[in-house]
Amino acid sequence: MTRLVIEGCAIATVDGERSEHREGHIVVRHGFIDEVGAGPAPVEDGDEVRIDGRGMLATPGLINCHHHLYQWATRGLAYENTLFEWLQTLYPVWAFVDEAVEQAAARAGLVALARSGCTTVSDHHYLFPHDGGDLLGVEIEAAREVGLRFHPCRGSMDLGRSSGGLPPDEVVEDRDAILQACNDAIDRHHDPSPDAMVRIALAPCSPFSVTQELMREAAELARRSGVRLHTHLAETVEEEAFCRERFGCRPVEYLESLGWLGDDVWFAHCVHVSESEIGRLGATGTGVAHCPGSNARLGAGIAPAMAMVVAGVPVGLGVDGAASNEAASLVEELRHSVLFARAVGGPQALTVRDGLELATLGGARVLGWDDQIGSLEPGKLADLALWRLDTAAHVNIPDPVAALVLGSAPPLELLLVQGRPVVRRDALVTVDEERLAVEVHDATDTLLTRAVGR
Ligand SMILES: [Zn+2]
């Protein structure tokens, strides 16, 4: 039995007490964390691999709670626009996404996340063009290849422009077909076991692209099937105006009226939420994926992340789709969460350790997976990141957590998912990164050619 020992590194466990070690050890066995503590690891007979972690910081693997992997194929478009303008520019291009485009985009997006310390990814895939193929199956296969734990959401849109929605009719689906596809996705892919590599959630896209009927029926199906629910909410002032005009209430009130608050639900964004709405989210245990980089890129505002945490809301971080966050780096989102909160709330608004908790344990709570991931504790899955802080970029920053959060993204010495290496010495060990650029270039070229030629 081979045990993996990492020692000599600083450790931020992000457990309930936020225990840290200036110089400690982590022992991994059978894909689980066996021991975490100060000083060198206890000596044991038998096979072992020993990693010298001096000059490094070990953290739980970061958890991404909101993304649209397919959008890697349409980065850098409509980059000075609001959300609704940006969507109206991109929907007609997205109408031509197929399996080949999805594969290249998902691989690139997943690799970027792995390189930024992420071990668990949720993806909100709501785009299913009529001739697009099995896009959900393709991204699940991409996550398996890259080696990341995956929590894709079978998303959907059924409110086209002709019915008062924002998306053009060619990218929306029929409600019965959506519900059937959701059922199939759960049957084929959802694994409820604690060490699952794939779990499914259901995720109608947003108030302005989905009917009330679909929202209600998706919630019923999710609860019958024991899977979680996800959607976009309260991202922009324009969405708030849409809800007031169409439903006569604010976004959170609208979702509550549809049975969509609860500890099995998480919303992306929640930028424009009132104090009483934050109270409702907290009282019901409804989670939030905070996406500071995307919100800033679209000029949408910044979610009151710590006010939500204080109110008892589970809050995690998300990069959001790469079409509204071209970097799509989760460790950068960690820095953004701290910096943007301070830009509006002062230097105490969000500490570096608050930020690290959002990126790890907070995200695990949002995904309902905090019994197995999100902190470095014996008995949890060995999903961890080992960051190098001994280069000129970080070496003189005394607090290793401050170095990780406030400094540039450090080189990643090792990224483990269930004890299996995905990144080693800042390079992917699972897929050929050299080929990604060609694949992504070709996918984007194909997509834009089709969109222009329509
Ligand atoms: Zn999104």
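Residue indices begin at 1 and follow the sequence shown. In listed order, ligands and their atoms are each counted from 1.
Ion pairing between Arg353 and Asp399 holds under the 4.0 Å rule for side-chain N and carboxylate O.
Between His269 and Cys291 there is a side-chain heavy-atom pair separated by less than 4.5 Å.
Residue pairs meeting the side-chain hydrogen bond (donor to acceptor under 3.5 Å, both in side chains) criterion with at least one partner in residues 411-431, sequence neighbours excluded, are Arg149-Gln418. The stretch residues 96-114 participates, sequence neighbours left out, in these side-chain hydrogen bond (donor to acceptor under 3.5 Å, both in side chains) pairs: Asp98-Arg450, Arg107-Glu145, Arg107-Glu439. Within the structure, side-chain hydrogen bond (donor to acceptor under 3.5 Å, both in side chains) contacts touching residues 336-347 (residues at least two apart or in different chains) are Glu333-His336.
Ring to ring, His151 and His230 are not that close: their centroids are 6.0 angstrom or more apart.
The tally of protein N/O/S atoms under 2.8 Å from the Zn ion (ligand 1) stands at 4.
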